[in-house]
Amino acid sequence: MADNGACAHIKGVKDVKKAKRRECEECVKIGSTWVHLRTCQTDGGTRCCDSSPNKHASKHAAATKHPVIASAEPGERWLYCYPDDEMAEY
Ligand SMILES: [Zn+2]
Ligand SMILES: [Zn+2]
Ligand SMILES: [Zn+2]
């Protein structure tokens with residue numbers, strides 16, 4: 001990461017994991033819908049953002065302590081760290 005303001009979690013992401021499928025894997029199971037998608041940088045799972053009714057990305061981060069997500073939206077190139085509330089473009 002070139003961004004010097006980023007936390008150690010974000011700096012530790014060397015290869016940004018991209019969404020394997022453009023869908024929230026949790027919403028698909030329960031037949032729900034989402035607004036935006038985020039990809040966990042620890043396990044590569046893609047889940048929905050805080051604007052979505054189920055907020056699966058945040059819930060996953062809280063439950064697993066996986067700190068960093070990447071936006072899975074086309075054209076967006078940023079990472080976000082939950083524990084540090086840090087965002088960095090890549
Ligand atoms: Zn961090
Ligand atoms: Zn979801
Ligand atoms: Zn994860």
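Positions are given from 1 along the sequence. Order of appearance sets the numbers: ligands from 1, and atoms from 1 within every ligand.
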Determine which of the N, O or S atoms in [X] is closest to the Zn ion (ligand 3) and give its atom name.
X	value
His60	NE2
His66	ND1
Asp43	OD2

**Asked** Closest heavy-atom contact between Gly45 and Asp43?
**Response** N-OD1, 2.7 Å
**Request:** Just to the nearest 10 degrees, tell me the angle at the Zn ion (ligand 1) spanned by Asp84 OD2 and Cys81 SG.
**Result:** 110°
**Request:** Nearest 10° is fine: what angle sits at the Zn ion (ligand 1) between ND1 from His9 and SG from Cys7?
**Result:** 130°
**Item:** Verdict with supporting geometry, Tyr82 and His66, side chain to side chain contact (heavy atoms under 4.5 Å, CB included)
**Value:** CA-CA 8 Å; Tyr82 284 101; His66 292 169; over 6 Å; no
**Prompt:** How far does CD of Glu26 sit from CG of Asn54, to the nearest 0.5 angstrom?
**Reply:** 9.5 Å
**Where the Zn ion (ligand 2) is the vertex, angle from Cys27 SG to His56 ND1 to 10°** = 100°
**Prompt:** Checking side chain to side chain contact (heavy atoms under 4.5 Å, CB included) against Gln41, which of Leu79, Ile10, Ile69 comes through?
**Reply:** Leu79
**Message:** If you define the side chain from C-beta out and look only at heavy atoms, does anything of Ser71 sit under 4.5 Å from Arg38?
**Reply:** yes
